[in-house]
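Below is one structure, written out as structure tokens, with a few remarks after it.
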Amino acid sequence: MSFAANLTPDDLTGLRSGVWTEDLFIRAMRTGKHMAAARVILPPMPWQVLAQLSDDDLRAIWAYLGTMPTVLNHVPDPVPPVAAAAP
Ligand code: HEM
């Protein structure tokens with residue numbers, strides 16, 4: 001079970017939290033890796049489509065997202081599937 005990221009520029013829980021940069025955003029969208037590093041970005045996030053955008057388009061999206069009103073919302077980590085109980 002995945003939870004969509006907080007894309008607002010909130011500086012605690014959103015895309016201006018100090019961890020994210022424009023470069024990290026572009027690399028995450030291109031690689032499909034969470035924070036451009038560790039685990040894969042989970043469905044239904046369509047990173048495979050965003051990965052095909054030009055650098056200019058991704059930079060434009062990054063800039064646009066920075067103009068959104070901030071929302072303080074700590075999004076939970078994804079919850080992995082639970083193995084079925086043995087019969
Ligand atoms: C222009 C459109 C979009 C942008 C710029 C965008 C951006 C992002 C970013 C930056 C993340 C965090 C990635 C990371 O953890 O490193 C994310 C995660 C996520 N997005 Fe999107 N997104 C877009 C569209 C969508 C759509 C259309 C959906 C669903 C229908 C979606 C669902 C999700 C989900 C579920 C996650 C969390 C995935 C995970 O925890 O691994 N996103 N998105």
Side-chain angles (χ1 to χ4, degrees):
M1 183 163 53
S2 60
F3 301 90
N6 178 356
L7 302 185
T8 78
D10 183 56
D11 59 9
L12 284 177
T13 61
L15 282 186
R16 294 297 190 274
S17 63
V19 181
W20 286 97
T21 61
E22 180 188 74
D23 178 62
L24 187 67
F25 170 76
I26 292 176
R27 282 190 291 125
M29 298 300 95
R30 290 231 189 282
T31 61
K33 296 282 178 65
H34 174 60
M35 309 292 297
R39 65 173 178 80
V40 294
I41 296 175
L42 298 168
M45 170 63 199
W47 66 265
Q48 296 90 339
V49 177
L50 290 168
Q52 298 176 51
L53 296 177
S54 67
D55 282 358
D56 276 355
D57 281 346
L58 287 171
R59 274 196 288 266
I61 291 173
W62 172 258
Y64 169 74
L65 291 172
T67 71
M68 294 288 99
T70 60
V71 176
L72 179 68
N73 178 29
H74 179 73
V75 176
D77 289 333
V79 180
V82 178

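All figures in this text were calculated on a predicted structure; none of them were measured in a lab. One-based numbering along the sequence shown.
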For Arg39, side chain to side chain donor-acceptor pair (under 3.5 Å) partners two or more places apart
none

With rounding to the nearest 0.5 Å, note down the distance linking CZ in Arg16 to OG1 in Thr21.
9.5 Å

Applying the 4.5 Å side-chain criterion to the ILVMFWY set and letting contacts propagate, would Val19 and Met68 be lumped into a single cluster?
yes

Taking all non-hydrogen atoms of both residues, which atom of Trp47 and which atom of Ile41 are closest, and how far apart?
NE1-O, 3.6 Å

Co-members of the apolar cluster containing Leu12 [side chain, <4.5 Å]
Leu72

Evaluation steps, side chain to side chain contact (heavy atoms under 4.5 Å, CB included), between Val79 and Asp77
CA-CA 6 Å; Val79 180; Asp77 289 333; over 6 Å; no

Using atom types as modelled, flag every donor-acceptor pair under 3.5 Å from a side chain in residues 22-38 to any protein atom, sequence neighbours excluded.
unit_1 : atom_1 : unit_2 : atom_2 : d
Asp23  : OD2    : Arg27  : NE     : 3.0
Asp23  : OD2    : Arg27  : NH2    : 3.3
Arg30  : NH1    : Ala51  : O      : 2.7
Arg30  : NH1    : Leu53  : O      : 3.0
Arg30  : NH2    : Leu53  : O      : 3.1
Arg30  : NH2    : Asp55  : OD1    : 2.4
Thr31  : OG1    : Arg27  : O      : 2.8
Thr31  : OG1    : Lys33  : N      : 3.2

Below 4.5 Å, heavy atoms only, C-beta onward: do Trp62 and Leu15 meet side chain to side chain?
yes

Any side-chain heavy-atom pair from Leu65 and Thr67 closer than 4.5 angstrom?
no

Check side chain to side chain donor-acceptor pair (under 3.5 Å) between Asn6 and all other residues, then give those that pass, not counting sequence neighbours.
Thr8, Thr13

Treat each ILVMFWY residue as a node, draw an edge where side-chain heavy atoms are under 4.5 Å apart, and state whether Val49 and Met45 are in one component.
no

With sequence neighbours left out, what residues match Thr70 under side chain to side chain donor-acceptor pair (under 3.5 Å)?
none

Can you confirm whether Pro44 sits close enough to Ser2 that some side-chain heavy atom of one is under 4.5 Å from a side-chain heavy atom of the other?
yes

Side chain to side chain donor-acceptor pair (under 3.5 Å) filter on Asp56, not counting sequence neighbours, yields Arg59

